[in-house]
Enquirer: 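Sharing a structure, written as C-alpha cells. Questions coming.
Side chains are part of it too, since the values below use all heavy atoms of this structure and drop only hydrogens, waters and symmetry mates. For clarity, every value in this text was computed on a predicted model and none was experimentally measured.
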Amino acid sequence: MALSTCLSISNSASAKPKRVEAPVTSPYSYADIADLAARAPTVAILRVKRVSPLPQEWVSGQPAGTKRHHIQANVVSLIRGDAPLAKRVTFLIDLPAERRATKAIKGKTFIAFGRTAGDKTDRLQLVNSNALLLQTPATETKVRGIATELLRQDAPPAIVGVGEAFHVAGTVAGEGETQVFLVAEGGQPVSLSIIRRPEMAPKFGVALGEIVDEAAGVPASDTLLWYRLACVLPGALPDNAVTKLQPADAAAARTDYRALMERLGPCPRTKRAMLGNSPEPG
C-alpha cells in the first residue's frame, strides 16, 4: 500500500466530525412581533446613545418601582414608515428604578415600534410597553417579514369579532356544513367553513371575499392570516352567533368551530419583549 494511501486512511479515521451549529432563532414569537407591527406606523432600528432620568417633579403616573427616562437614539435604518424620520429621535420610557436598567439599554441596538408625534419627526411614541425589542439578525428578519406581509395589498384584514353562524345538516348521519361569518375592519367579508362527510376528516376553508375557497384549508402557523384568526378569535363560538339556529344546529356549529380553532392551534406569546413602560405623551 502506498504511503500516501496509508496517510489518507489514517487521517480519515482520526478526523473529528464537523460540528453543526444550531440555527439562531429569535426569542420573540410571531404573535409578539405582529401585535406590535400591526399597530405601529413606524418601525425603525435604533441605537441608544443617551439615557437621561427625568426629575421626579416632572413625572406623574408612572408605575411603582420604575423611573421615567428620556432616550436619545440614532436611527440605523427604517423598516416601515408612513412619514419621514429624523436621523436622531427621542422618546420616553419607564425603566426599572435600579441603576443597572439604565446600563442595560445604553449603547444597545433595538427595534422600535411607534409613531411620530405629528410633524415632529425627531420624536417617537412607542405603541406600548413591549415596543422596544433587542435587535438581533433573527429578530430583524422576522420583523421585516411581518412588516412586508402587513403592507401587501391582499393582506388579510384585522378581525374584530364573530358574526352569525349557520349550519346545514346533510342527508346522512355525520354529514353537514357550518359557515361562520366574521366581522373585519373595513367591512371586508371574511368567513370560515367546516364541511363534514361520513368517515372523513373535517374539511376547513377560509374566505377573504364572497366565495369560500374550500381548497385553501387552514392557514399555516406564523403567517398573517393565521395570526388574524388564531390570535384573535375566541376559543368557543359566542352565544350571539347561534341565536337563529335550532338547538341541534347550534350544537353542531359549536363543535365545528371548536374543531377549526383546535386545527389552527395555540397563539403563543413569549412576553419577553418587555423592557419598561412607554408613557403617553404629556
Enquirer: Assess whether atom CZ of R47 is packed by more than 12 heavy atoms of other residues, nucleotides or ligands within 6.0 Å.
Expert: no
Enquirer: With distance as the sole test, does Y30 use its side chain to make a donor-acceptor pair with the main-chain N or O of L224 at under 3.5 Å?
Expert: yes
Enquirer: Identify the heavy atoms of P268 and A31 that sit nearest to each other, and give their distance.
Expert: O-CB, 3.5 Å
Enquirer: So if you build clusters from Ile, Leu, Val, Met, Phe, Trp, Tyr with side-chain heavy-atom gaps below 4.5 Å, do I159 and V218 land together?
Expert: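 In one cluster with I159: V218, yes.
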Enquirer: Working to the nearest 0.5 angstrom, can you tell me the gap between T148 OG1 and L150 CG?
Expert: 9.0 Å
Enquirer: At what distance, to the nearest 0.5 angstrom, does OG of S191 lie from CG of L208?
Expert: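 One finds 8.5 Å between OG of S191 and CG of L208.
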Enquirer: For a 4.5 angstrom cut-off between non-hydrogen side-chain atoms, does Q179 reach H167?
Expert: no
Enquirer: Test side chain to side chain contact (heavy atoms under 4.5 Å, CB included) on W226 and L264 and set out the steps.
Expert: CA-CA 7 Å; W226 167 85; L264 284 169; 4.1 Å; yes
Enquirer: Does T66 reach the side chain of L95, with side-chain heavy atoms less than 4.5 Å apart?
Expert: no
Enquirer: Do K244 and E164 have side-chain heavy atoms sitting under 4.5 Å apart?
Expert: yes
Enquirer: Decide yes or no for L92 and H69: does some side-chain heavy atom of the first lie under 4.5 Å from some side-chain heavy atom of the second?
Expert: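 L92 does not reach H69 side chain to side chain.
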Enquirer: Quick one: does T139's side chain have a donor or acceptor within less than 3.5 Å of a partner on Q135's backbone?
Expert: no
Enquirer: Just by distance, do the side chain of K142 and the backbone of Y28 share a donor-acceptor pair under 3.5 Å?
Expert: yes
Enquirer: Could you tell me which non-hydrogen atom of A259 sits nearest to which non-hydrogen atom of R196, and how far apart they are?
Expert: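 A259 and R196 have their closest heavy atoms at CB-NH2, 3.8 Å.
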Enquirer: Would you mind telling me which of T178, D239, D249 makes a side-chain hydrogen bond (donor to acceptor under 3.5 Å, both in side chains) with R254?
Expert: D239
Enquirer: Please check this pair: side chain of E175 against backbone of T171, looking for a donor-acceptor N/O pair closer than 3.5 Å.
Expert: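 Yes; judged by distance alone, with no hydrogens or angles, the pair exists.
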Enquirer: State yes or no: do V143 and V76 share one hydrophobic cluster built from I, L, V, M, F, W and Y residues joined by side-chain heavy-atom distances below 4.5 Å, directly or via other members?
Expert: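 They do share one cluster, since a chain of ILVMFWY contacts under 4.5 Å joins V143 to V76.
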Enquirer: Would you say L134 and I79 are hydrophobically clustered, going by side-chain heavy atoms of ILVMFWY under 4.5 Å?
Expert: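 In one cluster: yes.
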Enquirer: Please report the closest heavy-atom contact between P156 and R228, naming both atoms and the distance.
Expert: O-NE, 3.2 Å
Enquirer: Looking only at heavy atoms, which two atoms of P41 and G114 are closest? And how far apart?
Expert: CD-O, 3.2 Å
Enquirer: What's the verdict on side chain to side chain contact (heavy atoms under 4.5 Å, CB included) for L182 and L229, showing C-alpha distance, side-chain angles and the deciding distance?
Expert: CA-CA 10 Å; L182 306 179; L229 301 174; 3.8 Å; yes
Enquirer: Does the side chain of Y227 come under 3.5 Å of the side chain of D35 through a donor N or O and an acceptor N or O?
Expert: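 Distance-only check passes for Y227 and D35.
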Enquirer: Do F204 and F181 belong together in a cluster built from hydrophobic side chains that touch within less than 4.5 Å?
Expert: no
Enquirer: Find out whether L237 and M261 are in side-chain contact, i.e. whether some heavy atom of one side chain is under 4.5 Å from a heavy atom of the other.
Expert: no
Enquirer: Distance check, rounded to the nearest 0.5 Å: L46 atom CG versus T90 atom OG1?
Expert: 11.0 Å
Enquirer: Could you state the interatomic distance from CG (N74) to CZ (R50), rounded to the nearest 0.5 Å?
Expert: 11.0 Å
Enquirer: To the nearest 0.5 Å, tell me how far I45 CD1 sits from L78 CG.
Expert: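 Answer rounded to 0.5 Å: 9.5 Å.
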Enquirer: Would you indicate whether the side-chain heavy atoms of K120 and T116 approach each other to under 4.5 Å?
Expert: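 The answer is no; the side chains never approach within 4.5 Å.
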Enquirer: Let's go through L233 and Y257 carefully: what are the C-alpha distance in whole Å and the side-chain angles of both, what is the deciding distance for side chain to side chain contact (heavy atoms under 4.5 Å, CB included) to 0.1 Å, and is it a yes or a no?
Expert: CA-CA 10 Å; L233 293 177; Y257 178 86; 3.4 Å; yes
Enquirer: Kindly give the heavy-atom pair with the smallest separation between P202 and I194, and that separation in Å.
Expert: CB-CG2, 4.2 Å
Enquirer: With rounding to the nearest 0.5 angstrom, report the NE2 to OG distance, H70 to S52.
Expert: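 Rounded to the nearest 0.5 Å, the NE2-OG separation comes to 7.0 Å.
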Enquirer: With the threshold set at 4.0 Å, does a side-chain nitrogen-carboxylate oxygen contact exist between D94 and K67?
Expert: no
Enquirer: Assess whether side chain to side chain contact (heavy atoms under 4.5 Å, CB included) is satisfied between E140 and S26, documenting all intermediate values.
Expert: CA-CA 9 Å; E140 182 179 340; S26 171; over 6 Å; no
Enquirer: Taking all atoms of both residues into account, what is the closest heavy-atom pair of P53 and V51, and its distance?
Expert: CD-O, 3.8 Å
Enquirer: Closer than 4.0 angstrom, basic N to acidic O: yes or no for R88 and D122?
Expert: no
Enquirer: Quick check: is V162 connected to F166 through a chain of hydrophobic side chains (ILVMFWY, heavy atoms under 4.5 Å apart)?
Expert: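 No, no single cluster joins them.
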Enquirer: Is the backbone of A104 close enough, under 3.5 Å, to the side chain of K108 for a donor and an acceptor to pair up by distance?
Expert: yes
Enquirer: Is any side-chain heavy atom of L124 closer than 4.5 Å to one of R115?
Expert: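 Side-chain contact under 4.5 Å: no.
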Enquirer: Would you say the side-chain atoms of D32 and S29 include a donor-acceptor pair closer than 3.5 Å?
Expert: yes
Enquirer: Do V48 and F110 touch side chain to side chain, with heavy atoms closer than 4.5 Å?
Expert: yes
